[in-house]
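Report on the following structure.
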Amino acid sequence: MDARLARLREEVFRRNPGESEFHQAVTEVFESLDPVVNKYPEYAEAGILSRMCEPERQIIFRVPWMDDQGQVHINRGFRVEFNSALGPYKGGLRFHPSVYLGTIKFLGFEQIFKNSLTGMPIGGAKGGSDFDPAGRSQNEVMRFCQSFMTELYRHIGEYTDVPAGDIGVGGREIGYLFGQYKRITNRYESGVLTGKGVSWGGSLVRPEATGYGAVIFTEQMLKTRGLSMDGQTVVVSGSGNVAINAIDKAQELGAKVVTASDSSGYVYDEAGIDVETLRQIKEVERGRISEYAVRRGSSVKFVPAGDGKVWDVDATVALPCATQNELNRDDAKHLINSGLVALAEGANMPCTADAIAAFQQAGVLFGPGKAANAGGVATSALEMQQNASRDAWSFEHTAERLHEIMTDIHDRCYETADEFGMPGNYVAGANIAGFVKVADAMMALGVV
Ligand code: NAP
């Protein structure tokens, strides 16, 4: 790494102690930027990178709520508005007990470059809470969302900051959040949140977009080697929004997906995951993944979390779609030895740095999350367009736009990696292409 970048990275670590995921995300971007800082010294002179690593605004707030037994709970809410050079802040909300400031900052930092790559006019942000929705009743989730929005509403707006979903925040939670926003502000401001239900301002394809997009990106990577998804054996982790839709799209394109997981373990279905059964269990009943094995019968194996990982299964394509750092170097080695050809990150930063290095050394096509999972936020931007024009597009039209956007992101990453002398390195291509667009906008806007 260039000495100036290394010094700046040390400074970021010092100013943000203990935020290991944020440090990891910053390192991953900086490691790609040597050729850029050499080619464009004006960025360093204008302090562009230092400014990019410091969020424009960080909001931390108390979220009090009452459970069904009348007991009061206190959670912590976050919104980190990282960069608005390209447009209003945009990025999801995560509700998970592991959430702390470092989680939100790593996600928000990634989001700057991801949103830039989509080509849409959106800045980068992320938010959430350490609230654990698991095992909570519908009313408890609603009361929590209402309390969360009672503070958040002051900071967001269709021209300011537009949150969406992430882990633990799906259509149900967006509904409660939007309901409370509307009630407090007395405004039907559809464009303030994305991921809304279709009957009240949402976009068709938004629920499917991240998973579908990750598979479209994989298909494009495979195409560079004369391959396709057809006939691939795929391992997927997770069984939430991104995972289920990735499984669905991969199978539509002729692949066989043999795994799905949640935090309790994974299932191996040699015949290929039955998406309808999985949707019923996870989306309708909100059940555990072991139930899938019960319903599908003895041909399906359930492996509890302590006894193995999805990555123990042989595959030609891998799609990690659960959470950060879920795939390490040992997992990578097993997948490489089993004949892995391509991996696309449906989740944000699911692969550790040494796993990524192993994949790249082995010549595996590696699609980083900020490019491969950008379909979700891109379709959120399409939802904002529809809201602004009071329009509602058909499924086919929106799906076609998503396909175009993902193909364009793929091509931009591929061509940028080539241009900067790192052919086939999608990590470098995504980081550089994402960075340059934001940096140019920041240069134009002056020191703000
Ligand atoms: P989700 O619907 O809440 O599903 C998350 C899945 O991952 C669940 O199966 C969950 O299992 C599992 N999981 C979460 N934390 C885990 C942990 N610590 N250990 C093991 N399993 C864990 O969330 P999602 O929207 O699909 O998001 C998944 C990933 O995609 C995240 O990295 C998110 O940032 C990224 N992403 C999402 C979008 C989007 O549009 N939703 C867009 C871009 C990127 P349990 O239910 O057992 O916890």
Side-chain angles (χ1 to χ4, degrees), residues 29 43 46 48 51-52 55-57 79-93 107-127 155-166 174 189-196 201-206 209-210 213 217 348 369-393 397-413 416 429-448:
V29 171
Y43 291 154
I48 292 290
R51 285 195 265 153
M52 254 186 219
E56 290 175 15
R57 193 173 296 109
R79 187 70 181 167
V80 175
E81 297 176 335
F82 233 111
N83 193 299
S84 60
L86 295 181
Y89 307 109
K90 181 91 198 85
L93 298 171
L107 290 163
F109 186 71
E110 290 268 300
Q111 198 80 41
I112 302 171
F113 308 101
K114 180 187 308 191
N115 292 3
S116 162
L117 279 173
T118 65
M120 323 288 276
I122 42 180
K126 204 79 186 189
H155 310 288
I156 62 175
E158 64 179 314
Y159 297 109
T160 315
D161 183 356
V162 183
D166 190 79
I174 293 292
E189 190 184 333
S190 302
V192 72
L193 288 167
T194 58
K196 300 180 294 295
S203 172
L204 288 164
V205 191
R206 176 61 189 91
T210 308
F217 192 91
N348 284 311
K370 60 173 74 68
N373 70 38
V377 73
T379 310
S380 276
L382 300 181
E383 184 172 330
M384 290 162 72
Q385 275 185 32
Q386 291 168 76
N387 293 153
S389 59
R390 307 233 185 276
D391 201 356
W393 303 347
H397 174 69
T398 319
E400 208 173 290
R401 290 284 289 122
L402 171 66
H403 196 279
E404 280 166 16
I405 292 168
M406 291 313 298
T407 307
D408 186 56
I409 293 174
H410 170 273
D411 294 352
R412 200 128 33 85
C413 295
T416 305
N431 285 334
I432 296 172
F435 170 82
V436 167
K437 189 166 177 219
V438 181
D440 286 345
M442 289 175 73
M443 295 287 285
L445 299 180
V447 181
V448 289

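As the structure is a computational prediction, the values presented were derived from the model and not from experiment.
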Do [X] and [Y] come close enough that some side-chain heavy atom pair is under 4.5 Å?
X      : Y      : answer
Pro55  : Val80  : yes
Thr379 : Glu383 : no
Glu189 : Glu158 : yes
Asn348 : Lys126 : yes
Val192 : Val162 : no
Glu404 : Thr407 : no
Val29  : Phe109 : yes
Tyr89  : Ser84  : yes

Check: What salt bridge (Lys or Arg N to Asp or Glu O under 4.0 Å) pairs are there with at least one residue in residues 435-448, not counting sequence neighbours?
Finding: none
Notebook entry, point to check: Minimum heavy-atom separation for Gln111 to Gly91, with atom names?
Noted result: CD-CA, 3.9 Å
Verify whether one side chain among [X] and [Y] offers a donor that lies under 3.5 Å from an acceptor in the other.
X      : Y      : answer
Thr194 : Lys90  : yes
Lys370 : Asn115 : no
Arg206 : Ser380 : yes

Next item on the list: Give, for atom CG of Leu445 and atom CG of Leu86, the distance between the pair rounded to the nearest 0.5 Å.
Entry: 8.5 Å
Next item on the list: Quick one: pull up CG in Leu93 and CG in Leu107 and give me the separation to the nearest 0.5 Å.
Entry: 11.0 Å
